[in-house]
Amino acid sequence: MPELPEVEATRRGLDPSVRGRRVTAVRVRERRLRWPVPERLERELPGTVLAGAERRAKYLLLPAGPGTVLVHLGMSGSLRRLPDDTPIGPHDHVDLALDDGHLLRLRDPRRFGAVMWVTGDPSLDPRLAHLGPEPLSEAFDGAYLHAVSRGRRARVKSLLMDGTVVVGVGNIYASEALFAAGVHPHRAAGRVGRERCDRLAAAVKEVLAAAIEHGGTTLRDYAGIDGRPGGNAVRLAVYGRSGEPCLRCGASVRLTRRDARATYHCPGCQR
DNA sequence: CCTCCCCCCTGCGCGC
DNA sequence: TGCGCGCAGGGGGGAG
């Protein structure tokens with residue numbers, strides 16, 4: 001999926017095209033996403049005006065009248081802005097038709113994504129309420145990372161991917177940030193010292209910010225709202241490069257698996 | 001509380 | 001060519 005940079009790239013594309021637009025229709029062709037698409041979405045969203053596009057963690061938030069549309073792209077989701085009459089393709093599960101002759105269309109082959117309708121303060125929604133800080137905010141830094149990781153025996157990579165610790169860092173960018181900081185992904189989180197926490201927090205920010213700049217990473221399904229793939233894949237230093245030489249020291253990039261999830265690291269650079 | 005494991009789902013690339 | 005298997009960017013839930 002889309003990790004934070006891909007969701008943020010989507011948000012940036014979305015914001016100007018939804019701001020002030022009235023929703024004219026909601027069409028749900030497949031309700032069985034991660035959570036069932038609520039019927040209230042079709043009842044309450046049409047006729048409202050979208051205020052813009054926001055993001056919290058990997059969720060997109062579209063405030064609309066009395067509520068907020070919550071969209072998650074899961075592993076394989078993409079949200080596109082298309083002309084009204086665009087033919088429906090496979091896995092095109094939900095359309096929000098707007099009053100400018102375009103629609104927002106969610107395509108999600110694996111259906112791990114979600115489209116929800118929440119009323120009231122969205123930050124109180126159970127999915128958002130317990131999330132950790134945004135990685136690009138000041139709240140996330142080396143001091144914070146050091147404090148929350150004391151006594152933790154889990155791998156530092158797992159900690160980076162734990163949404164209650166910091167949001168938005170998924171499998172690609174966890175590997176990339178750990179490489180950039182020279183920290184071994186399997187090291188116990190509690191045994192990463194203060195200075196290396198500083199480096200790691202800085203690396204997370206740099207890796208994510210650069211990926212946003214480049215429109216996100218497309219491995220397979222991800223596309224921006226204009227349908228174009230992101231340009232960050234060629235910039236990945238270790239992810240997907242097992243057996244190839246490390247760009248810094250030339251050692252062979254190693255692949256390890258946990259739970260059918262890949263981790264890439266350089267045995268020469270990362271301790 | 002923390003950590004690990006499994007699951008949800010579809011498609012694709014690989015080896016046989 | 002066809003088939004079975006493993007794997008893919010997320011994250012919730014439950015067992016221990």
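Just so it is clear, the structure is predicted and the values come from calculations on it, not from any experiment. Within every chain, numbering begins at 1; the chains are lettered A, B, ... in the order of the sequence lines, protein sequences first and strands thereafter.
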Taking atom P of B:dC4 as reference, at what distance in whole Å does atom CZ of A:R257 sit? 19 Å
Assign the ring pair A:H184 / A:H186 to parallel, tilted or perpendicular, where the plane angle (0 to 90°) is split at 30° and 60°. tilted
Given C:dG11, is OP1 or OP2 found less than 4.0 Å from the side-chain N or O atoms of A:R34? no
Rounded interatomic separation in angstrom, taking CZ from A:R258 and P from C:dG6: 18 Å
Give A:N171 one of three labels, base, sugar-phosphate or nothing, depending on what nucleic acid heavy atoms sit under 4.0 Å from its own. sugar-phosphate
Going by purine N1 to pyrimidine N3 plus the second Watson-Crick contact, or the G-U wobble pair, all under 3.5 Å, which nucleotide sits opposite C:dT1? none
Could you measure between the two P atoms, the one in C:dC7 and the one in B:dC5, and give it in whole Å? 15 Å
A:F112-C:dG11 aromatic stacking (under 5.5 Å, under 30°): no
Across all strands, who's sitting opposite B:dC9 as a Watson-Crick or G-U wobble pair, both distances under 3.5 Å? none
If I take atom CZ in residue A:R110 and atom C1' in nucleotide B:dG11, what distance separates them, rounded to the nearest angstrom? 9 Å
Between A:R261 and A:A154, which has a closest nucleotide on DNA chain B that is more 5'? A:A154
Using atom CG of A:D259 as one end and atom P of C:dG11 as the other, report the distance to the nearest whole Å. 15 Å
Please check the phosphate of B:dG11 (OP1 and OP2 only) for any side-chain N or O of A:H91 closer than 4.0 Å. yes
When rounded to whole Å, the NZ to C1' distance for the pair A:K58 and C:dG10 reads 6 Å
Tell me whether A:R32 at atom CZ has more than 12 heavy atoms from other residues, nucleotides or ligands lying less than 6.0 Å away. no
To the nearest 0.5 Å, what is the distance between CG (A:L61) and NE2 (A:H72)? 11.0 Å
Kindly indicate whether the side chain of A:P66, heavy atoms from C-beta on, has any atom under 4.5 Å from the side chain of A:T48. yes
What nucleic acid atoms does A:R111 come within less than 4.0 Å of, heavy atoms only: base, sugar-phosphate, or nothing? sugar-phosphate
Separation of C:dG6 P from A:L255 CG (nearest whole Å): 16 Å
Any link between A:V7 and A:L50 through a network of hydrophobic side chains (Ile, Leu, Val, Met, Phe, Trp, Tyr) touching at under 4.5 Å? yes
Respond yes when some side-chain nitrogen or oxygen of A:H72 is under 4.0 Å from OP1 or OP2 of C:dG11, and no when none is. yes
From CG of A:D162 over to P of C:dG13, roughly how many Å is that when rounded to an integer? 15 Å
Can a side chain N or O of A:R153 be found less than 4.0 Å away from OP1 or OP2 on B:dT3? no
Length of the CZ-P vector between A:R152 and B:dC2, whole Å: 5 Å
So A:D221, base contact, sugar-phosphate only, or nothing? Heavy-atom distance under 4.0 Å. base
